Amino acid sequence: MNKRIVVVAGDGIGPDVCNEAIKVMERTAGKFGHRFTFEKHLFGGCSIDAYGVPLTDETLDACKRSDSVLLGAVGGPKWDGVEPSRRPEKGLLALRKGLGLFCNLRPAHIYPELKAASPLKDSIIADGLDIMIVRELTGGIYFGKRGSEGDYAFDTMEYHDGEIKRIVRKGFEIAMARGKRLCSVDKANVLATSRKWRGIVEETGKEFPEVQVSHLYVDNASMQLVRNPSQFDVIVTCNMFGDILSDEASQITGSIGMLPSASLGSGSLGMYEPIHGSAPDIAGKDIANPLATILSGAMMLRYSFGMAQEADAIEKAVATVLEKGYRTPDIMETGMQQVGTKEMGDLVAQEV
Ligand code: IPM
Ligand code: MG
């Protein structure tokens, strides 16, 4: 298959880690007889520097025309003073919205080799950790009416039935493909949007009788995540709760440099990015961990291109490289072999 991938590497370590993902995807294409072309565009802070805005129409159009988008990371202290409507983060929200990517998949998975990096006690993670957070990405309080005047400011959490139905359905479909357990997280004891959400989960559940459904309030869910994380299989939740819970889940794995993500819409086009930030302090130093971005590339092959075997090959290569003891500085332990960003990319590519 021929696939056109737009790369918006962004700022800080974004380019460092994207280059390694490209390397691994090219090797995978070669091995399985595909052809991937990569087209790079400015996005985020570097786009503000060049054009005054974080997302130009050209970049958005290029993304829309692509088969999928690989994103590095955006932002950094350099653009902290930029007015809110032009901040790099605004560009990210506009890109998600512009591409219609309402479904954000954030897996949190502990590699047996990296268990020691988890801040949780061995007894709590003895059963491992393999959670998929399904986060609504183009609605809720992120996109509701907001404003600020004098001594008053407001944000609004808004959802229409349709927006909830499509993400909840995704949650069920993903649960069916995994452990068949779906936990819906809301704040239905307080929020009207959550009560609507809960009703739609119950209603949709009738179509998926095999899936065991539970509901948790978000405060309880955040507690359960550290008390007994292995109780979770798939979590489905709104934009803001998903933002918060996915950061919490990432820390349980001990290594934010390991976690990929996928943002999907109703078609095959998706956007794939590591969940970590731009880490400007280590940019260009060949020390950033490229594995989250490499694994995001694997998710692209799986979810947008239907290349399950190819995605497996990349994921297996990452596991093998870790088994062999290679570590970037963020996941380094005594007795292991420390390598830089590029060498890590080379090792995974070779293993593929
Ligand atoms: C994330 C980030 C973004 C979000 C920010 C940068 C706008 O925290 O992708 O989780 O809140 O969605
Ligand atoms: Mg976040």
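Since we're looking at a predicted model, the values are computed, not measured. Counting convention: from 1, in listed order, for ligands and their atoms alike.
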Quiz prompt | N/O separation below 3.5 Å, Asp243 to ligand 1 | solution =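 Indeed, backbone or side chain, Asp243 has an N or O that close.
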Quiz item: Based purely on interatomic distance, does Asp247 place a nitrogen or oxygen under 3.5 Å from a nitrogen or oxygen of ligand 1?
Solution: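 Asp247 vs ligand 1: no N/O contact under 3.5 Å.
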Quiz prompt | For ligand 1, the portion of Arg106 having any non-hydrogen atom under 4.0 Å away | solution =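 The side chain, only.
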Practice problem: Write out the residue and atom name of the closest protein heavy atom to atom 6 (C) of ligand 1, then the distance separating them to 0.1 Å. | Solution: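 Closest protein heavy atom to atom 6 (C) of ligand 1: Glu89 CG, 3.6 Å.
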Quiz item: What residue and heavy atom of the protein are closest to atom 11 (O) of ligand 1, and at what distance?
Solution: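 Going atom by atom, the protein heavy atom closest to atom 11 (O) of ligand 1 ends up being Tyr142 OH, 2.5 Å.
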Exercise. Mind telling me whether Phe172 and Phe208 have parallel, tilted or perpendicular rings, with 30° and 60° as the class edges?
Key: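 Ring orientation of Phe208 relative to Phe172: parallel.
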Exercise. On the 0 to 90° scale, with breaks at 30° and 60°, tag the Phe32-His34 ring pair as parallel, tilted or perpendicular.
Key: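 Rings of Phe32 and His34: parallel, under 30°.
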Quiz item: What N, O or S atom of Asp243 is found closest to the Mg ion (ligand 2)?
Solution: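 When I compare the N, O and S atoms of Asp243, OD1 is nearest to the Mg ion (ligand 2).
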Exercise. Start with the C-alpha gap between Arg169 and Glu207, add the side-chain angles, then the distance that decides, and say whether salt bridge (Lys or Arg N to Asp or Glu O under 4.0 Å) holds.
Key: CA-CA 10 Å; Arg169 178 164 298 278; Glu207 293 172 49; 2.9 Å; yes
Quiz item: Counting heavy atoms only, which of Lys90, Arg87, Arg96 is nearest atom 12 (O) of ligand 1?
Solution: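 The residue whose heavy atom sits nearest atom 12 (O) of ligand 1 is Arg96.
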Quiz item: Of Asp49, Asp11, Asp281, which is the lone residue that meets salt bridge (Lys or Arg N to Asp or Glu O under 4.0 Å) with Lys78?
Solution: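 That would be Asp49.
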Practice problem: Taking the six-membered ring for Trp and the single ring otherwise, decide whether the centroids of His109 and Tyr111 are under 6.0 Å apart. | Solution: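 Centroid distance His109-Tyr111: below 6.0 Å, so yes.
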Quiz item: Any Lys/Arg nitrogen of Glu310 or Lys31 sitting under 4.0 Å from an Asp/Glu carboxylate oxygen of the other?
Solution: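 No.
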Quiz item: Does Arg135 have a non-hydrogen atom less than 4.0 Å from ligand 1?
Solution: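 Arg135: in contact with ligand 1 (<4.0 Å).
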